[in-house]
Amino acid sequence: MKAPLQLLLITFLGTFLRARTETDSCTNNLSIKVPIPFDTTNLHCLSVWDAQGFILRYVQTSANIWSFILSTPDTNSYVAMGFSATGGMVGSSAIVGWVASKGANGGIKQYYLGGVTSNQVVPDKGNLQVIGNSTFISLQSSRLYMVFQLETTEPLSWLILTTGSTGIFPAAPNYSLTKHLDKLSTRIDYLKANLGSSQVNGSSSQGGGSSTQSDSCDSKLNLNVPLPFDTTKLNCLTVWNAQGYILRYTQTASNTWSFILTAPNQNSYIAIGFSPNGGMVSSSAIVGWISSNGASGGMKQYYLAGYAPNQVVPNRGNLQVISNSTLITSQSSRLYMAFQLQTNYPLSRMVFAIGPNGVFPSAPSFGLMQHQDKASINVNYATGSSATGNPYMNLKRSHGVLNILGWGIFIIMGAIVARHFKDWDSFWFNFHVSVQSLGFVLGVIGVISGLILNNQIHVDVNLHKALGIIILILGCLQIMALLARPKKESKVRKHWNLYHRTTGRILIIVAIANIFYGIHLGREGSEWMIAYGIVLALLLSIAFIFETGLWSRD
């Protein structure tokens, strides 16, 4: 029995070792088990697409021959490397390779990208002079190695890299190519072996340059990449001073608006949203990012349906983004994000955000991490002016002031008088009823204003809202108890007193807690906390003094 067990163990270990994923980097020596038709000892190596793990090795083998090896993880999809004169896919020629997951079939072909439809992506056509018998693709330890040689004095500097849909490969007889799942293009300096500009998902980016370039509305826009619209008559606004966000825009046509958002490149995503109500929820946003080394990046529309990650949906939204108008570039330590919208008039309420450092959306989900900071403004497109802040600030502050006065001050004052001024028979009762009624009315208005505010800005304040409704219910119970107040000589009067006092004390405790919580949610700063804390401390001190006197008499 030992021999079969040993054989089974050896087979299992061999399968495990073969299935183990092999990583590749420019610090590793190239080790391919199949012969390569050129010398690989002096290969240049670049990590050309960090997000997808693409490694490119190349060398100028002779005066007019260049040799390439593209190494990628095997994701059971085709991989492609194209050469473009402009950085765009259309008009480029690409080498596409694939190997099925079990290595049963595969292939490598040149394609010419004559357009964006499938019938315009033509196999066995293109402008690349591929040297015969130099192309092959190999699957080795869960990585693909695609090898080819080009006859040229120097290849085009714009490289386009793509990954295809999982499990879908070109097949005979037409070898048509399905749309890529993800795409990046990058500009390469072959002599220096480094990356320059890059272009991601139809959006351009540029790495390199260590000096920090400032931008302002007094300086002239000077980009090293072409834009698909006229930039000579752009309006300019400083939209977020704290983060250095500058927005340029113009109405290019009757139903076309062009935008350029520029911000310091802090190795995080940047976002501009258009909101129907001034809040982030229900807004549609253009989000762009470029990693610090320029190797990965992208630009997408997101729809912000809520606060949960699964409610921030990529490739969705209410913005009619014009095709091939999106571009993001990093130039001298600043990001420039350009896009065009098809609309008669864009929404005037804008929201801006900056993402966490070093965390970017990535395939396949392109989920967006929560921003580290945000701001909102109102833009008057006609005058080129903006108003910073929340358009519902007055309603928010009215909500806070009404609830503080009603539930947090007057109700407490009425309770103190009811407990400690019983000797002033008619005074205490009239004052108690008057002050409590005023507090209740102000509190009710405050709660209603809060519900209106929540309906308009869709902020996630469920706990604060629930506590407010509980306070309102307790207040209504107190008013009902006042109307049903039995006479002093009634046998149920002591039970009524216990109910009335207990309900009132619960109301006050919950109200105080919810007021402080509401100030925290409203981000009004420590001034509001301190101000209400002083008033509350004064009321409690008065109550304590009277309570001490009451104990001493007893």
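Since the structure is predicted, the reported quantities are computational estimates derived from the model, not experimental observations. Numbers here are sequence positions counted from 1.
Counting non-hydrogen atoms of other residues, nucleotides and ligands closer than 6.0 Å to CD of Gln311 gives a total above 12.
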Using the side-chain contact (heavy atoms from CB on, under 4.5 Å) rule, take Gln110 and Lys125 through it: C-alpha gap first, then chi angles, then the decisive distance, then the call.
-> CA-CA 6 Å; Gln110 180 179 183; Lys125 300 292 183 184; over 6 Å; no
Decide yes or no on side-chain contact (heavy atoms from CB on, under 4.5 Å) for Val239 and Ile246, but give the supporting numbers first.
-> CA-CA 6 Å; Val239 290; Ile246 305 290; over 6 Å; no
Criterion side chain to side chain donor-acceptor pair (under 3.5 Å) on Asp39 and Thr41, from CA distance to verdict = CA-CA 6 Å; Asp39 183 14; Thr41 56; 2.9 Å; yes
Are Gln301 and Asn315 close enough, and set up right, to give a side chain to side chain donor-acceptor pair (under 3.5 Å), and what steps lead you there?
-> CA-CA 5 Å; Gln301 181 178 181; Asn315 301 319; over 6 Å; no
Between Leu159 and Met81, does a side-chain contact (heavy atoms from CB on, under 4.5 Å) hold up when you go through it step by step?
-> CA-CA 7 Å; Leu159 302 182; Met81 177 175 168; 3.9 Å; yes
Pair Gln60-Glu154, side chain to side chain donor-acceptor pair (under 3.5 Å): steps then yes or no = CA-CA 9 Å; Gln60 186 176 9; Glu154 185 172 349; over 6 Å; no
Apply the test side chain to side chain donor-acceptor pair (under 3.5 Å) to residues Arg349 and Ser275: give CA-CA distance (whole Å), side-chain angles for both, the deciding distance (0.1 Å), then the verdict.
-> CA-CA 5 Å; Arg349 291 165 182 161; Ser275 172; over 6 Å; no
How far apart are the C-alpha atoms of Phe259 and Phe274, what are their side-chain angles, what is the distance that settles it, and do they pass the ring pair (Phe, Tyr, Trp, His ring centres under 6.0 Å) test?
-> CA-CA 12 Å; Phe259 296 88; Phe274 296 80; 5.5 Å; yes
Run the side-chain contact (heavy atoms from CB on, under 4.5 Å) check on Lys183 and Leu161 step by step: do they pass?
-> CA-CA 6 Å; Lys183 174 180 85 75; Leu161 307 164; over 6 Å; no
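If you take OG1 on Thr329 and CD1 on Ile260, they are separated by 11.0 Å, rounding to the nearest 0.5 Å. For the atom pair CG (Asp182) and OG1 (Thr162), the distance works out to 9.0 Å, reported to the nearest 0.5 Å. To the nearest 0.5 Å, atoms CG (Asn42) and OH (Tyr58) are separated by 12.5 Å. Atom CG of residue Leu177 and atom CG of residue Leu113 lie 7.5 Å apart, to the nearest 0.5 angstrom. To the nearest 0.5 Å, the span separating CD on Gln140 from OH on Tyr145 amounts to 5.5 Å. Separation of atoms CG (Asp24) and OG (Ser142) is listed at 12.5 Å; rounding is to 0.5 Å.
A donor-acceptor pair shorter than 3.5 Å cannot be found between the side chains of Thr166 and Ser77.
In plain terms, the two heavy atoms of Met299 and Ala338 that are nearest each other are CE-O, 3.1 Å. Of all heavy-atom pairs between Ser376 and Val351, the closest is CB-CG1, 3.9 Å. Among all heavy-atom pairs drawn from Met337 and Gly288, the shortest one is SD-N, 3.5 Å. Smallest separation of non-hydrogen atoms from Leu181 and Gly164: CB-O, 3.6 Å. Across Val96 and Met146, no two heavy atoms sit closer than the pair C-SD, 4.0 Å. The minimum heavy-atom distance linking Gly355 with Gln372 is given by the pair O-NE2, 2.6 Å.
One N or O on the side chain of Ser283 and one on the backbone of Met280 form a donor-acceptor pair closer than 3.5 Å. In this structure, the side chain of Ser93 engages the main chain of Asn127 through a donor-acceptor pair within 3.5 Å. Of the possible polar contacts, none joining the Thr250 side chain to the Leu234 backbone as a donor-acceptor pair under 3.5 Å is found. Tyr78 contributes a side-chain N or O that, together with a main-chain N or O of Thr178, makes up a donor-acceptor pair within less than 3.5 Å.
In this structure the side chain of Leu46 reaches within 4.5 angstrom of the side chain of Ile188, judged on heavy atoms. Counting heavy atoms from C-beta on, the side chains of Val130 and Ile95 come closer than 4.5 Å. In this structure the side chain of Tyr111 reaches within 4.5 angstrom of the side chain of Pro170, judged on heavy atoms. For the pair Leu43/Phe38, a side-chain contact is recorded, criterion being any heavy-atom separation below 4.5 Å from C-beta on. Within the 4.5 Å cutoff, no side-chain heavy atoms of Leu335 are placed close to those of Thr262. Within the 4.5 Å cutoff, the side chain of Ile160 has no heavy atoms near those of the Phe83 side chain. The shortest side-chain heavy-atom distance between Ile354 and Tyr269 does not fall under the 4.5 Å cut-off. Using a 4.5 Å cut-off on side-chain heavy atoms (C-beta onward), Val79 and Phe54 make contact.
The aromatic rings of Phe68 and Tyr190 sit perpendicular to each other, their planes meeting at more than 60°, with 30° as the lower class boundary.
With respect to Leu144, the side-chain contact (heavy atoms from CB on, under 4.5 Å) criterion is satisfied by exactly one of Thr75, Leu70, Asp74: Asp74.
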Sequence neighbours excluded and cut-off under 3.5 Å, please list the side-chain donor-acceptor pairs for residues 358-366, or say none.
| unit_1 | atom_1 | unit_2 | atom_2 | d |
| --- | --- | --- | --- | --- |
| Ser365 | OG | Gly367 | N | 3.4 |

Less than 3.5 Å apart, which donor and acceptor atoms pair up between the side chains of residues 340-348 and the rest of the protein, not counting sequence neighbours?
| unit_1 | atom_1 | unit_2 | atom_2 | d |
| --- | --- | --- | --- | --- |
| Gln340 | NE2 | Ser258 | OG | 2.8 |
| Thr343 | OG1 | Tyr345 | N | 3.2 |
| Thr343 | OG1 | Tyr345 | O | 3.3 |

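The salt bridge (charged side-chain N to carboxylate O under 4.0 Å, His left out) check on Lys465 picks up nothing, with sequence neighbours excluded.
Geometrically, Lys109 engages Tyr175 in a cation-pi contact, judged by NZ or CZ lying under 6.0 Å from the ring centre and within 45° of the ring axis.
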